[in-house]
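In what follows, chains carry the letters A, B, and so on, assigned in the order in which the sequence lines appear, proteins first and then strands, with residues in each chain numbered from 1. Heavy-atom basis, side chains included; hydrogens, waters and symmetry copies ignored.
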Amino acid sequence: MIKLFRAEWKKTANHRWLAGFLIWIFPVGALAFYTIVVVATIFSEEAIENFGLNGAVWTDVSNVWNTLSSYPGNVLGRMPILAFVATLFAGEYEWGTWKNITPRNSRSALILAKFLTLGVYVVLAFAAMSVIVGLGNGIATSIAGLPYPPAATGAVVGEFLGDYVLRAGLAFVSTLIVVSFAAFAALITRKIVGGIMIGFLISIIEPNLWLACLGLSKLFNNPDLIELYRFAPSFNIGNINEWIRFNHALDMAPILSTHVSLGSSIAVVALWIVGSIALVLLLFQRQDITS
Amino acid sequence: MQSDFAIQIENLSKTYGKRSKRVQALRGINLDVQRGQVFGFLGPNGAGKTTTIRLILDLIRPSQGSVCVFGKDVRRQHDVLRNVGAIVEQATFYPFLTGAKNLEVIADVGDHDVKRIPELLDSVGLSNQVDKRVSSYSTGMRQRLGLAAALLGDPQLLILDEPTAGLDPAGMHDVRTHLRELVDREQKTVFLSSHLLAEVEQVCDRVAIIHRGEIIRKGKVGDLLRGHTQLRIEVLPLDTAKQVLEQNWEISPANVEQATQTMESGWITLITSAAEAPAIVRCLVDAGVDIFQLTSQSKTLEAYFLEATEEASNND
């Protein structure tokens, strides 16, 4: 798997547009933004107000993951990653390169290596983005002569790390489910644009599945049908977040009448992850490579 | 136990599409390729050559039948394909990577030794192009890179679909010589699909001809062409010669050519072995026919191929 990952990394890292524009856009974008913030802070006192430096806390760097997890902003935030995944999977058809690599290794390993590459890129890009945001705010507040709390005691750092890992994990998992379907679409359509379009649609539809469940319950005059929303990834990811941070279930009243346990939500999310990746593996196992 | 065969194809069929759009690309073909040979796989466009190659490489699933490489079913024991190098249709690569990087990626995927890359690039004449992106390569250069990629894992079996497409005559000669050396010196097996029948005739030990998804001929090149010798005789008078020869040999009207419309001399072509020449000469001389020339010509693989595919088309 290490050599397969190395092969994927070589491909993506040497494709300027692919990694440069779709993945490194996050830290590079943050760097560009904080360069403006720092320069503006030097020359204008209004910048302190405009950029919200008064009251900035370094522990807020974990908010960078909201780019991927908070609807509706995440629809735009996930777009580069969806395009990356679509290129990663459908690019092999468009370049006619599957035929070079599928006889040399198992199809499952080839697909899993792509998911691993995606995961490493996303984690690296957002970790780098977090560092840039933290340092950027620190430099700007320092120039403005403002404090940049809280003091980095062991307890604060420990709590921050826990919160950071939770947010990163949940954002990553929710993105992984969506990109798995984008990968599935890329394999079916064998087109990069097909993967992007379908991934984009799923990004919009999935958080709004409760509307579909509500519509079904009205259509069939069965109030229980709305409870189907309990199986949606976004609901369960929200529920896990609520349990870990506030030690209680997510309250979706009046849409959902029941509260879902942490264990159930973890199981449902795990099923979505395993199921969506398994779907991609199954499709590729059975697919004829004709290009 | 090690199999004597590099490839064994049994009752292999492949149908593309569904319902009204069904296309049967292969119709239950059987084929054995022994180790240590260059095997030529011939057929007109759309005959099923590339489909067969894709099935051998487990790129597509058969509708029926099986393919074994070195005695192992490629669908059940996919790992056996690590010992196979291939070019399928035109060699295609990641256009944004250099030639060397493309080979590195393929080497990593196949767990092959990357140290062989410079040597392979040198052997296909690309050592001074390693740092150029493949997008700037000509068709011939891509084909050379394809050959290097096929040889990366030092495979025991090479499957090459039109390997000399896009190459100049010197490049084609180099590839032919290289393939022959791989078989003769290193006992590798080459499964070669090509439209260039003269090339196949020069380099292959055995051939199979596929037509509309069926194998219509197979065997050693020498065996297939044996018994297809032509004797071409220039005679005067033509009519007498024709009457005499018709008593013992079959002559079709197409094989009788008058030299000019006003002259009585002409050419008669007999499909027979060279061993018959003395009897033919005796027969003609006894009948008072003058013989100006008698030449023996072996049928080329190209002529054999065209005859076989035409016959198969007429039988359909």
Item to check | Working for side chain to side chain contact (heavy atoms under 4.5 Å, CB included), residues A:W17 and B:F96 | outcome: CA-CA 10 Å; A:W17 184 83; B:F96 48 88; over 6 Å; no
Item to check | Neighbourhood of chain A inside residues 130-151 of chain B, taking heavy atoms under 4.5 Å as contact | outcome: B:R133, B:A149, B:A150
Next on the checklist: Check this for me: A:E94, atom CD, are more than 12 non-hydrogen atoms of other residues, nucleotides or ligands nearer than 6.0 Å?
Outcome noted: yes
Next on the checklist: For B:V105, is there any backbone N or O sitting under 3.5 Å from a side-chain donor or acceptor partner on A:K11?
Outcome noted: no
Checklist outcome for this item: Separation between CD (B:E89) and NZ (A:K99), nearest 0.5 Å, reads 5.5 Å
Next on the checklist: Taking the side chain as everything from C-beta on, heavy atoms only, tell me whether A:K10 gets closer than 4.5 Å to B:D108.
Outcome noted: yes
Checklist entry - Does B:E10 CD have over 12 foreign heavy atoms under 6.0 Å away? => result no
Checklist entry - Should B:T92 and A:W95 count as side-chain neighbours, where that means a heavy-atom distance under 4.5 Å? => result no
Item to check | Proximal component of B:D58, with respect to chain A [non-hydrogen, under 4.5 Å] | outcome: backbone
Next on the checklist: Looking at every non-hydrogen atom in both residues, tell me the closest pair between B:F93 and A:T97 and how far apart they are.
Outcome noted: C-CG2, 3.6 Å
Checklist entry - Does CE belonging to A:M197 count more than 12 external heavy atoms closer than 6.0 Å? => result no
Next on the checklist: According to ring-ring contact (aromatic ring centres under 6.0 Å, His included), who are the partners of A:F115, at least two apart in sequence or on a separate chain?
Outcome noted: A:F89
Checklist outcome for this item: Of all heavy-atom pairs linking B:H78 and A:T102, the shortest is NE2-O, 2.8 Å
Checklist entry - Would you say B:K72 has more than 12 foreign heavy atoms packed within less than 6.0 Å of its NZ? => result no
Item to check | Interface residue of largest heavy-atom contact number with chain B, from A:L4, A:N14, A:L18, A:I2, under 4.5 Å | outcome: A:N14
Checklist outcome for this item: Cut-off 4.5 Å, heavy atoms of chain B, and the answer for A:L110 is side chain
Next on the checklist: What part of B:L57 gets within 4.5 angstrom of chain A, counting heavy atoms only: side chain, backbone, both, or neither?
Outcome noted: both
Next on the checklist: Is it the case that atom CG in A:L76 sees more than 12 heavy atoms from other parts of the structure closer than 6.0 Å?
Outcome noted: no
Checklist outcome for this item: The salt bridge (charged side-chain N to carboxylate O under 4.0 Å, His left out) partners of B:R61 (sequence neighbours excluded) come to none
Checklist entry - Got a second to check how far B:Y94's OH is from A:T12's OG1, nearest 0.5 Å? => result 10.5 Å
Checklist entry - Does B:G110 offer a backbone N or O that forms a donor-acceptor pair with the side chain of A:N105 under 3.5 Å? => result no
Checklist entry - Between A:R104 and B:H112, do the side chains contain an N or O donor and an N or O acceptor separated by less than 3.5 Å? => result yes
Checklist entry - Where along residues 277-290 of chain A does a heavy atom come under 4.5 Å of chain B, listed by residue number? => result A:Q285, A:R286, A:Q287, A:D288, A:I289, A:T290
